[in-house]
Asks: 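One structure, as structure tokens, below. Some questions next.
Below, read A as the first sequence line, B as the second, and so on, with proteins coming before strands; counting in each chain starts at 1. Predicted model, so just to flag it, every value in this text is computed and none were measured.
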There are 2 protein chains.
Amino acid sequence: MDLRHLSFRLLQVYLQVVRTGSISEAARSLHLTQPTVSLQMKKLTETVGEPLLEMQDGKLAMTAVGSEFYRATCDVMGRFEDFGHTLEEARQGQWGHVKLGVVTTAKYVIPRILGGFYQHRPKVDITLNIGNRARILERFSNQEDDLYLFSHPPSGQHVRATAIIRNPLQLIAPKGHWAAEREAVDFSELKGERFLMREPGSATRMAFDTWLSARGLELNNTQQIESNEVIRLSVASGLGLAVLSAHTLDEGREKLVQLPVQGFPLESNWYLVSRRDRRLSQAAQALVEYMATDLTRCIEPAWVSEDLRKLLGPG
Amino acid sequence: MDLRHLSFRLLQVYLQVVRTGSISEAARSLHLTQPTVSLQMKKLTETVGEPLLEMQDGKLAMTAVGSEFYRATCDVMGRFEDFGHTLEEARQGQWGHVKLGVVTTAKYVIPRILGGFYQHRPKVDITLNIGNRARILERFSNQEDDLYLFSHPPSGQHVRATAIIRNPLQLIAPKGHWAAEREAVDFSELKGERFLMREPGSATRMAFDTWLSARGLELNNTQQIESNEVIRLSVASGLGLAVLSAHTLDEGREKLVQLPVQGFPLESNWYLVSRRDRRLSQAAQALVEYMATDLTRCIEPAWVSEDLRKLLGPG
DNA sequence: GCAGGCCATAGATAATAATCTATTTAAGAC
DNA sequence: GTCTTAAATAGATTATTATCTATGGCCTGC
């Protein structure tokens, strides 16, 4: 039996012939002419190499080999029919796999979003890759994930980014810090303080640096620490001041205060980023759509960025 | 997903691509060029309507839909592979269905033959249709069975018949009949006896009638009975004489004797009959072959006809 | 920065398949 | 017997497939 030139069309016609018990009848129901179907059956018989049908008592009957083949054909068509259903689900984004690259800072918000999405689309499987900005940028350029969450999206033509969640950066101090007592503080008054900072390249650091240089300020005493949590704990212990995402602060129970410095908190956002040069899977699109329409269900509305609507737009 | 123009060839190529993880590699192993395979994959993707493969890290990887499709394809190919094995068995006649039309007289021999054949080819399924000669002749002309067993094969060009088993017709009488005492009896001396006969058209009757008319003899006192068993019992009870197949006599324990009449037993045979205008299934051919070569295993050699070898011949 | 893989695309061709209409054959039904 | 219905065959046409060679683009490793 040489399967090469066997097409599914032929099998469909064959099934119809068996089911109607007649070549002419099958032809009618398939909107074909009788000779067409007759010929197809001939070809199928040649492909299999044994007669599948025989005239019995004026009617078409299956041979022994024929009924085995019929069973095989039913099984095969049924299998692809099942696949067709699965495919349909995948098309509607009800099913599939989404890979997400997320910068460390966002790790406090993302679970709530995914939790909500899971309720919505339980069959969508999500792989979450968390790393610092440099790592996620690398994943982005290698096209390793479908969607990314950055505080500071990479640049380039094939980047599509939309701010979805506000990420205010607070200037924090240990409880009882002298500046916390004051109604207003000018940043220059803090020049003598030690600042605990994330590594250069991290979005928080970039935002702070930008803010400083816009004002011609420079810090004298800084220490670099690569973890928001460690920074938070260190500030609480009185090791210095820091600028941190408000989301990071929500997590801990340490005794911290915000300093009433002009211009703080620095407003920034998390951006949902995807690549224009890569088609999103339906499942990923379903996630985007979920964020666009239902984000307020799992995130407090106050945190949701203004221009979220743009997500569904063309760009 | 439109299956119509999907061919198994395409699926084979696809499997090879997935398995080798590379289009070029698959092309080499299938003795095709790389663009051919590339194009086939493109067509397959169009057929399914979703990408199945994607470049991941310089290698081909399956998408989520792709791996579902791969599974479906494996299942489908596996199913037809199984069918291929079944088909191969059928080709070797190891499996299949044989329909057999048998005249009543032969019902004593046929079980032994089929018993032997069952040992030989346990997966061949046999349907046995037993009837009187008229009934089996009708089945023959309607092509209802694959093979037939007749004492007197029908005539016609498309009849292929071979004598396989001897069927001597004995002239029998009840034990103690006067003629049984004699060393030799001339048939004319029995003219006054009553003869119990099968219906006209039965092979036993035909053979006897032929023998009688060849000698210009006629019977005065006959009675027609349509069953060999009833005739046998009736003869034993003294209701008359009869001509019966020796096989029929073997069965009963009644007190019967053969009369030493010149020319008896009448020699006749059972014929294995098939139609030239109908292709025999491999299973049926296996049965024919079995009869040609192994009949002596289940039937006493003395009963086997001389020209059995002809069975396997061309005609 | 260039050679060597690998994939994709273009353009061409021969083979095959899918269909049709018209005709022939076979079998069954009054 | 003729009428009907179903199947097979012939002959023709168009669409699709299965291939090829040649070429362009993209990474990777040296």
Asks: Could you tell me the separation between the CD1 atom of A:Ile23 and the P atom of C:dT25, rounded to a whole number of Å?
Replies: 18 Å
Asks: Side chains of B:Ser29 and B:Gln16: is there a donor and an acceptor less than 3.5 Å apart?
Replies: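 Present: a donor and an acceptor within the cut-off.
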Asks: B:Arg4 has an atom CZ; how far is it from atom P of D:dA15, in whole Å?
Replies: 16 Å
Asks: Using a cut-off of less than 4.0 Å, is there contact between a side-chain N or O of B:Gln34 and OP1 or OP2 of C:dG5?
Replies: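 Negative; the distance criterion is not met.
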Asks: From CE of A:Met41 over to C1' of D:dT9, roughly how many Å is that when rounded to an integer?
Replies: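 So the CE-C1' distance, A:Met41 to D:dT9, works out to 16 Å.
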Asks: Would you say A:Arg9 reaches D:dA15's phosphate, i.e. side-chain N/O to OP1/OP2 under 4.0 Å?
Replies: no
Asks: Take the protein atom CG of A:Leu10 and the nucleotide atom C1' of D:dT17, then report the distance between them rounded to whole Å.
Replies: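 Those two atoms, CG and C1', are 15 Å apart.
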Asks: Tell me which nucleotide among C:dT16, D:dT19, C:dA10 gets nearest to the side chain of B:Leu39.
Replies: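 My answer, after comparing the listed nucleotides, is D:dT19.
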Asks: If you check every side-chain atom of A:Lys43, which of C:dA18, D:dT19, D:dA8 has the closest atom?
Replies: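 For the A:Lys43 side chain, the nearest candidate turns out to be C:dA18.
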Asks: With a 4.0 Å cutoff (strictly under), does any side-chain N or O of B:Ser7 reach OP1 or OP2 of D:dA18?
Replies: yes
Asks: Under 4.0 Å, heavy atoms only, any strand: does B:Ser24 hit a base, just the sugar-phosphate, or nothing?
Replies: sugar-phosphate
Asks: Are a donor atom and an acceptor atom from the side chains of A:Thr204 and A:Arg198 found within less than 3.5 Å of each other?
Replies: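 There is no such pair (donor and acceptor under 3.5 Å, judged by atom type) between the side chains of A:Thr204 and A:Arg198.
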Asks: Rounded to whole angstrom units, what separation is found between the NZ atom of B:Lys59 and the P atom of D:dC27?
Replies: 17 Å
Asks: I'd like to know if the side chain of A:His97 pairs up with that of A:Thr127 as donor and acceptor (distance under 3.5 Å, no hydrogens or angles considered).
Replies: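 Judged by distance alone, the side chains do pair up.
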Asks: Judged by each residue's nearest nucleotide on DNA chain C, which is more toward the 5′ side, A:His31 or B:Lys42?
Replies: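 Comparing both residues, the 5'-ward one is B:Lys42.
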Asks: Taking the six-membered ring for Trp and the full ring for Phe, Tyr or His, determine whether the centres of A:Tyr148 and A:Phe140 are under 6.0 Å apart.
Replies: yes
Asks: Kindly compute the distance separating OG (B:Ser67) from CG (B:Leu53), expressed to the nearest 0.5 Å.
Replies: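 B:Ser67 atom OG to B:Leu53 atom CG measures 10.5 Å (nearest 0.5 Å).
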Asks: Measure from CG on A:Asn142 to P on D:dC26 and round the result to the nearest Å.
Replies: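 Result: 16 Å.
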Asks: Testing the 3.5 Å rule here: is there a donor-acceptor pair between the side chains of B:Ser202 and B:Arg133?
Replies: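 No pair is found: no donor N or O on one side chain lies under 3.5 Å from an acceptor on the other.
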Asks: Which of these nucleotides, C:dC7, D:dA7, C:dT19, is closest to any side-chain atom of A:Gln40?
Replies: C:dT19
Asks: Determine the contact category for A:Leu32: base if any of its heavy atoms lies under 4.0 Å from a base atom, sugar-phosphate if only primed atoms, P, OP1 or OP2 are that close, otherwise nothing.
Replies: sugar-phosphate
Asks: With a non-hydrogen cut-off below 4.0 angstrom, is B:Thr36 in contact with a base, only sugar-phosphate, or nothing?
Replies: base
Asks: Nearest-Å distance, CD (B:Glu46) to C1' (C:dT9)?
Replies: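 Computing the B:Glu46:CD to C:dT9:C1' distance gives 13 Å.
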Asks: Between A:Ser22 and D:dA7, is there a side-chain N or O to OP1/OP2 distance below 4.0 Å?
Replies: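 Checking D:dA7 against A:Ser22, a side-chain N or O does come within under 4.0 Å of OP1 or OP2.
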Asks: Nearest to the B:Pro35 side chain among D:dT16, C:dT19, D:dT21, which nucleotide is it?
Replies: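 For the B:Pro35 side chain, the nearest candidate turns out to be D:dT21.
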Asks: Does the side chain of A:Ser38 get closer than 4.0 angstrom to OP1 or OP2 of D:dA8 through an N or O atom?
Replies: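 So the side chain of A:Ser38 is within the cut-off, an N or O lying under 4.0 Å from OP1 or OP2 of D:dA8.
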Asks: Take the protein atom NE2 of B:His5 and the nucleotide atom C1' of D:dA15, then report the distance between them rounded to whole Å.
Replies: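 Between C1' of D:dA15 and NE2 of B:His5: 9 Å.
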